[in-house]
Every structure is written in C-alpha cells, then in structure tokens.
Amino acid sequence: MKRLKYIIILVLPLMLLPAMASADETGGLAPEESSGESQLDIQGIIFGHIGDAYQWHITRIGDKELTIPLPVIVRSKDSGWHCFLSSKLEDGPYKGFYFAEGGKYDGKIVEKDAEGNEVRPFDISITKNVLGLMINSAILVALILCCSRWYRRHDALKEAPSGVAALLEPVIEMIDEDVIRGSVPESQYARFAPYLLTVFFFILINNLMGIIPIFPGGANITGNIAVTLVLAVCTFLAVNLFANRHYWKDKFWPDVPWWLKVPVPLIPFTEVFGIFTKPFALMIRLFANIMAGHAVILSFVCVIFITAKLGPALNGTMSVVAVFFGIFMDFLEILVAFIQAYVFTMLSAVFIGLAHEKPETE
Amino acid sequence: MSLLMPDSGLLFWMVIIFAVVFFVLAKWGFPVITSMVEKRKDYIGHSLQLAKEADEKMAGMAKEQDRMIAEARAEQNRILKEAAEARNNIIRQAQDQARDEAAKLLAEARTQIQAEKESALSEIRSQVAMLSVGVAEKVIRKDLSADKEQMSLIEKMVEEASKLDPSRKN
C-alpha cells in the first residue's frame, strides 16, 4: 500500500504537469518565440552562465532584461585609462570600445588600433566574477571576523560559543585538527594554518555561493581557471618557498640507484616535473569539478526548454525528470562544494607537510 | 577555448582580493579562533586530568577511611578484651585475697581454739587432779605421808591417762 502511495505521488504530477506547462508556455517562453529565436542556443546559454561577463544578468521580466551593469576599467595603448559602465556598450561602440563578436576575443571588450586590427586593451574591469569574488570575500571576512570577535569578547573557557562562532567553530576545528595538524609538522603549524584555513573557507564560500542561482550568488567563480590558478600558485609558493633542504635534495638527488640519475637524470627530472604538476592538478581539479557541476545543472534546466517544442506531454514529463535531477544535482553540488574545498586544503597541507619532512634516519 | 585561458583582468583582481582576504583573516581572524579553541581544548584536557586525579584521591580517601574504621574496630576489640581481662584479673585477685584472708582467719581461729583447748585441758587436768586427790583421800581416808610426793604421783598418772585419752578419742 505504501509503495502504491509513492507511485501515485510520482505519477500524479506527470499527469498534471503538461497542462501547467502549456499554460506556462504562453507566459514564460512567449517573448523568446515572438522574437523569432526558433533555435535554442543551448551552448550559448550554458557557456554564458559559466563564463565571465561585463554585466550581471539576473532575469528577464517580460521584454525587459534585468541586468546589473558593472564598471569597465580599461587602459588603451593610445588613449590611456577609461572607466565607464558596461551598459554604455549595449547600443554599440563607446569611446572606440565594443564587444568583440567571434574571433579570438569573443565577448571581450576590444578596440581598433592604428592599423585597424582588433586588439584588447589592458582590461581590469569589474566583471561578474570579480564582483562575485568581492561579495563572497566580504561575506567570508564578515563571518570569520564575527566568529573571532566572539572569541575576543567572551571567555571561551567559561561559555559555549553561540551564533556564528558556534556555526564555524566545528568546521574550523575539523580542518585544524584533521587536515592541518595531521599533515603539517607542529613546528610549521603557526606559519601555514592561517593560509590553509583561508583557502578552505575561500573555496567553500565561493562554491556554495555559486550554487545559489540568483544574485548575489550564481557566479561561477571557483569554476573559473583564473581563480583556481591563483589559488594553485599560492599553494605552489607556500610549498616551495619554505621547503627544507631535505626536500630539495630529494628532488634533485633522490635516494635511487645511481644509474637512474647520473647519465640521464630520469628520476630528478620527474621529481622536478612533479613540483609543477601537483599544483597544476589542484588547479584543474577544482576548476573542472565546479565548472562541470554548473554545466550539468544548467543542462538539466535547459532540457525543459528544449522539450518545450516537442509537445506538452513530453515537455511535462521531461520537466519533472529535469527538475528531479536538477534537485539531485544541486544536493550533489553542495556535497561537491565541500569536498572540493576539503580536498584542495588537504592536498595543500600534504604538499606543505612533504616539504618539511625530516630525512629518514637509518 | 576561452574557458581554459585565464583572463588577465580576473587574475589581477583575484590576486588582490585573495591577498586582502588572506591578510585580514590571517591577522585578525583565524589565529584568534584557533588559539582560543586550542586553549579551551587544553583547559578541558586539564580539567579532565584534575577530575581524574580528584577521583583517584576520593578512591584513596575511601580506602583510607575503610582502613581507619577497621583500625578503630580492632582497637575497640582490643580495649574490650583488655578490659575484660582486667576485670577477670581483679575478680580473681579479690577472690584470692578473700580466700587468703579467710584461710588466715581460719588459722587464727584454729590456733585460738587450740590455745583455749589447751588452757581448758590444763584446767580440767588440774581439776581432775584435785578431784582425784579428793577422791583418793576419801577412798583411803588417810592423809598421805608425803603430800608432795603423792601429788607428783597423781600428776604423773593423770598425765599418762590424758596421754592415753586422745588416742582413745581418735
């Protein structure tokens, strides 16, 4: 009997949804169809969401696009610094700058140089990802400082933490105990713990904010290779700048049979190569995981609109399936958001720990 | 692929933002939290240690108490036993003394009785002698020639007779 109830719960929406979807069609999808966009540009939608942008598109209400224009800051080789809102570029070139269409700089702000070639100015615009980074960083700093303020103002020996401190303390303690103290030697703990904790919470908050679909969330920050590159370079520097002599000896003159390193430095080569591949793997892992997560969720959402043209029945059933899988993927992404932050921090801690290993005493 | 090419503008901002976040959190954020958490952990560990020690002390004290109670009980038993012994001793001594006294009194009484008996006997003896002399005078009706000689004779006879007497009595 119980199973039957579940089946009814699952099937009933399938029967009802076609009607709802057809009703929705006239409202939600009408502008798109009226504008003559017969073919849905799935790739454009997905990459548009995943990639960076000069404005923050939120939604469309009727015919009106709701976007937040963001400041463009560019330095042209000829005319120097320019700063203006991206909304000025919507109706065509402004001060010689315009959005490139196709080609090498697709979607970026470009200008024409003296020879008439399309060139990119030095571009440090506050793009969607930069704004997202700023907002998320502000949230992160506010949270952590709130937590640390609690500890400053209260006697932790007499009171149990409350509020933000109670929320963050277990997480901080988990990273501190399991990840950092487990890998980084005690003598180096004070030097690296703040960095590793910062990295963990930075990645975690950006991952989680990325899952929230509307402003101020939704920017694909940790799924952007520039962000993960900076994080990986930081770990690379943290590992190699403070490494001890044993670490470098192990890289250039490892304990292997001499013929593996004398005429052809085979093992030293792979070891030195490994110095760079480790942070590179960190960079790619975080980038690919988060980007793929965003892409998969967006694909499921797009399924609803692709099937819209295939008739109400199919559209209805597929919508249910897509929503179901979308919810599932969202939950999975929450898990991935934590796991990727954890993995990045843990591997960084392990690499740092390896760079401070004591030579084995025989 | 533009996805795989890090954008210079975003790189620039990311470096600045991450550096600022790291600086702020590393200076005012995490060290405060981790040190307090650490301090509390030490405190809890210390408290647990203290509680354990107190527990052990309590257990030791309970043992000590038991020991003291057992000791006191043993002492009590010993004292009671001693008291009983002393009582018995006193009673025995008193009994002995009383017995001695009684024996002494008895002996004294006996000697006195003996002396009385002696004196009574000697008186009886003289009386008997006088009587026998009187009897003899009456029997013989004649003054004896030598009074003195007669008396010693009679005395001698009485002596013999009295010597015979007790053996006959016994």
Side-chain angles (χ1 to χ4, degrees), chain A residues 47 50-52 73-74 105-108 120 122-127 129-130 133-134 136-138 140-141 144-145 147-152 154 156-157 161 165 168-169 172-173 176-177 180 189-190 193-195 197-199 201-202 221 223-231 233-234 287 291, chain B residues 1-70:
Chain A
F47 279 88
I50 285 173
D52 209 350
I73 306 166
V74 286
Y105 306 122
D106 186 26
K108 302 284 183 203
R120 266 197 86 181
F122 180 61
D123 184 356
I124 51 165
S125 307
I126 308 290
T127 59
N129 279 349
V130 175
L133 263 177
M134 286 172 172
N136 298 349
S137 300
L140 172 64
V141 167
I144 301 295
L145 289 188
C147 183
S148 80
R149 202 182 64 160
W150 189 92
Y151 284 99
R152 247 190 271 267
H154 296 74
L157 301 185
L168 288 179
E169 196 202 288
I172 293 174
E173 210 184 338
D176 195 49
E177 271 300 301
I180 302 176
Y189 168 79
Y195 168 69
L197 283 165
T198 306
V199 162
F201 281 100
F202 188 86
I221 293 168
N224 188 298
I225 199 138
V227 173
T228 59
L229 174 70
V230 172
L231 292 170
V233 166
C234 286
F287 157 72
M291 193 210 55
Chain B
M1 278 284 276
S2 67
L3 270 182
L4 285 172
M5 276 309 295
D7 185 69
S8 58
L10 186 54
L11 267 180
F12 170 81
W13 285 109
M14 172 64 191
V15 169
I16 289 177
I17 290 168
F18 188 70
V20 169
V21 169
F22 173 57
F23 177 77
V24 171
L25 294 188
K27 195 153 171 64
W28 295 293
F30 290 119
V32 178
I33 299 169
T34 49
S35 72
M36 282 309 271
V37 169
E38 186 72 7
K39 212 184 270 176
R40 194 177 50 203
K41 204 182 291 158
D42 286 351
Y43 176 73
I44 290 170
H46 187 65
S47 299
L48 282 176
Q49 182 73 23
L50 278 184
K52 205 172 153 197
E53 271 168 21
D55 236 30
E56 270 165 17
K57 212 175 269 176
M58 285 285 282
M61 275 164 80
K63 211 179 270 173
E64 179 82 351
Q65 207 177 12
D66 283 351
R67 199 182 60 74
M68 277 165 78
I69 288 172

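Within every chain, numbering begins at 1; the chains are lettered A, B, ... in the order of the sequence lines, protein sequences first and strands thereafter.
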Looking at [options], which has the largest count of heavy-atom pairs under 4.5 Å with chain B?
options: A:Ile172, A:Thr228, A:Ile50; value: A:Ile172
options: A:Asp176, A:Val141, A:Asn129, A:Val227; value: A:Val227
options: A:Trp150, A:Phe122, A:Phe201; value: A:Phe201
options: A:Leu197, A:Val74, A:Asp123; value: A:Leu197

Q: Scan side-chain atoms only and decide if A:Thr127 and A:Asp52 contain a donor-acceptor pair under the 3.5 Å cut-off.
A: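 Their side chains do contain a donor-acceptor pair, which is all the 3.5 Å distance test asks for.
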
(Q) Test your reading of the model: is there a side-chain donor-acceptor pair from B:Trp28 to the backbone of A:Leu145, 3.5 Å cut-off? (A) no

(Q) Under a 4.5 Å cutoff for heavy-atom pairs, which residue among B:Gly29, B:Ser47, B:Pro31, B:Ser8 has the most contacts with chain A? (A) B:Gly29

So what's closer than 4.5 Å to chain B heavy atoms on [X]: side chain, backbone, both or neither?
X: A:Arg120; result: side chain
X: A:Leu229; result: side chain
X: A:Ile73; result: side chain

Q. Counting heavy atoms not belonging to A:Tyr189, are there more than 12 under 6.0 Å from its OH?
A.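 More than 12 within 6.0 Å, yes.
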
Q. More than 12 heavy atoms of other residues, nucleotides or ligands under 6.0 Å from NZ of B:Lys27: is that the case?
A.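 Atom NZ in B:Lys27 is not crowded, with 12 or fewer foreign heavy atoms closer than 6.0 Å.
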
Q.
Within the 4.5 Å heavy-atom criterion, are A:Ile124 and B:Trp13 side-chain neighbours or not?
A. yes

Q: Can you label the angle between the B:Phe18 ring and the A:Phe202 ring as parallel, tilted or perpendicular, going by 30° and 60°?
A: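 It falls in the perpendicular class, over 60°.
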
Q.
For A:Glu169, is there an ion pair with B:Arg40 - N to carboxylate O distance below 4.0 angstrom?
A.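 Salt bridge between B:Arg40 and A:Glu169, a charged N being under 4.0 Å from a carboxylate O: yes.
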
(Q) Can you tell me which portion of B:Phe12 sits under 4.5 Å from chain A's heavy atoms? Options are side chain, backbone, both or neither. (A)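 Just the side chain, heavy atoms under 4.5 Å.
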
